[in-house]
> 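Have a look at this one.
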Amino acid sequence: MRQITLRNIDPDLLKKIKELAQKENLSMNKFIIKILKQALLTAEKKNIPGQIPHHDLDELAGTWSEQEAQAFERALKQQRQIDEELWS
């Protein structure tokens with residue numbers, strides 16, 4: 001196996017890598033390999049060269065209650081009303 005050395009890693013990024021690796025009970029090396037595979041190979045499978053999938057909102061998916069979802073839909077419905085006077 002080949003080896004890569006990373007230099008000048010931002011302290012905040014290093015802290016986040018350490019936290020997430022610990023959370024997944026992985027060494028930093030294994031965690032970094034995992035996220036590189038996810039980022040690069042997932043985009044490759046989707047045939048999107050250079051495109052990196054984003055998962056920064058995954059934690060929010062499915063967290064609304066039924067009432068919150070309905071309130072959001074009502075607000076969107078109001079915003080989607082076309083004001084005929086503006087278009088004439």
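The shown structure was predicted, so the numbers you read here are calculated from the model rather than taken from an experiment.
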> Is the number of heavy atoms from other residues, nucleotides or ligands under 6.0 Å of L76 CG greater than 12?
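Enclosed.
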
> Pair up each side-chain donor or acceptor in residues 15-36 with any protein partner under 3.5 Å, not counting sequence neighbours, and list the distances.
| from | atom 1 | to | atom 2 | distance (Å) |
| --- | --- | --- | --- | --- |
| E24 | OE1 | K34 | NZ | 2.3 |
| S27 | OG | K30 | N | 3.1 |

> Check whether more than 12 heavy atoms from other residues, nucleotides or ligands sit under 6.0 Å from atom CG of L13, and answer yes or no.
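Yes - once you tally the heavy atoms of other residues, nucleotides and ligands closer than 6.0 Å, there are more than 12.
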
> Which pairs, with at least one residue in residues 60-77 and sequence neighbours excluded, count as a side-chain hydrogen bond (donor to acceptor under 3.5 Å, both in side chains)?
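As it turns out, the side-chain hydrogen bond (donor to acceptor under 3.5 Å, both in side chains) pairs with a partner in residues 60-77, which skip direct neighbours, are S65-Q67, S65-E68, E66-Q70.
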
